[in-house]
Each structure stands twice: as structure tokens, then as C-alpha cells.
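Below is one structure, written out as C-alpha cells, with a few remarks after it.
When a residue number appears, it is its place in the shown sequence, counting from 1.
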Amino acid sequence: RRCVQETDPEYTANFKILKNATIMASGYMIPCFSCGNPQKQAKDLVDATPDHDKRFLIHIIAGEWGDDKFANRKFLKDLIEALEAKGHTAGIATNLFSWNNVMGADCMDFADQQLYYVDPDKKPNCKDYKPFGGWKHPRSKIFIENVPQ
């Protein structure tokens, strides 16, 4: 498992460009499970985001987490709680495959968070969505090419 604890050097500048153009933007992260300390990762994300935007997406990708699904769940819970404690909201970006591999098919613990369904099929609809993780419907879909699964 890789450990990358850095912010994309273009993140802050791009975020400001979007905000200045009055385009809604959310902070985004791929958490580093092996790095630990979800509270610090949440703080670093907020600190790198101009004006401390209130919405953040946490991308759950198979292969980027530990093998212990209960430890993965605790890490995600701690990360979300750290964001919410500062008045932010957290959405989850993932798909059925990644969710089941990282959190487990039986995990419904995060169904209160908004789901951004990841499916790089180039189709701007959710017709192929199959419920998982307690989400009956996604908030929206991330459908562009080359998005990590």
C-alpha cells in the first residue's frame, strides 16, 4: 500500500479559480489509510482548501486501504467525524466493487453521507446503479474517463 501525504500542488489554485467563477466545488481527497491519523488528514485537507469550503468528498478506492474492514470503517468514521466537528460535510465517492472490498458488503454505517457514484462509463446518468452500502440512490455520478475505481 502506498503512503502519500501531500496535497496536489494545483489543488488550492484550481479551487480558487472555480470559486471565483462561481462554480460550485467541493474539496476532494483519497485518504491514506497506511499513513494513519485521519484527524490530521482532515485538518490538512481543510487547511489546503480556500475559504474552508463546507463540502468534501472522500474517495474510497479498492487497494488503497487495509485488509481489516472493521479498521477501515473506524478510519473512515474518524475522518468524517473530524470534518463534521469543524462544521463541514463529507460525501463518499465510490462504487460497489470498491465499497465491498474496502468496507464490506454488509457495511451500512455511512448511508447518511451523500454518495457520489463512480463509474467511468461516459454516461451522465445512474441507470446502471445497483444499491449498496445502504444507499438507495446516489447524489450524483462521476462518469468521466480515467477516474480511479
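- Closest of all the heavy-atom pairs between W135 and Q114 is NE1-C, 4.4 Å.
- The two residues A93 and V118 come nearest to each other via the heavy atoms C-CG2, 3.9 Å.
- Side-chain N or O atoms of W99 include one that pairs as donor or acceptor with a backbone N or O of C107 at under 3.5 Å.
- Of the possible donor and acceptor atoms, none in the side chain of S98 sits under 3.5 Å from a partner among the backbone N and O of I61.
- Two residues are said to be in side-chain contact when any heavy atoms from C-beta on lie closer than 4.5 Å; L83 and T89 fail this criterion.
- Each salt bridge (charged side-chain N to carboxylate O under 4.0 Å, His left out) pair with one or both residues in residues 93-112, not counting sequence neighbours, appears once here: R73-D106.
- Expressed to the nearest 0.5 Å, how far SG of C32 lies from CG of D44 amounts to 11.5 Å.
- Rounded to the nearest 0.5 Å, atoms NZ (K69) and CG (L76) are 14.0 Å apart.
- Contact of the F33 side chain with the E64 side chain is not registered, since no non-hydrogen atoms from C-beta on lie closer than 4.5 Å.
- Taking CG from D119 and NZ from K127, the interatomic distance works out to 13.5 Å, rounded to the nearest 0.5 Å.
- Classified by interplanar angle (parallel below 30°, tilted 30° to 60°, perpendicular above 60°), the ring pair F132/Y117 is tilted.
- Between G133 and A111, the shortest heavy-atom contact is O-CB, 3.6 Å.
- Smallest separation of non-hydrogen atoms from H59 and P31: O-CD, 3.3 Å.
- Annotation: side chain of I80 is in contact with side chain of Q113 (closest heavy-atom distance under 4.5 Å).
- Residues G91 and Y116 come closest through the heavy atom pair CA-CE1, 4.2 Å.
- Remark: N101 CG to I60 CD1 distance equals 12.5 Å, nearest 0.5 Å.
- No donor-acceptor pair closer than 3.5 Å links the side chain of N72 to the backbone N or O of M103.
- Counting only residues at least two apart or in different chains, salt bridge (charged side-chain N to carboxylate O under 4.0 Å, His left out) contacts with residues 92-102 are absent.
- Take Y129 and apply the side-chain hydrogen bond (donor to acceptor under 3.5 Å, both in side chains) test, not counting sequence neighbours, and it matches no residue.
- Side-chain contact between T94 and V102 is absent, with no heavy-atom pair separated by less than 4.5 Å.
- Of all heavy-atom pairs between D47 and K43, the closest is OD2-NZ, 2.6 Å.
- Scored by the side chain to side chain contact (heavy atoms under 4.5 Å, CB included) test, K77 finds E81, F110 as partners (sequence neighbours excluded).
- For P38, the side chain to side chain contact (heavy atoms under 4.5 Å, CB included) partners two or more places apart in sequence, or in a different chain, are F75, D78, L79.
- Taking E84 as the reference, nothing meets the salt bridge (charged side-chain N to carboxylate O under 4.0 Å, His left out) condition, with sequence neighbours excluded.
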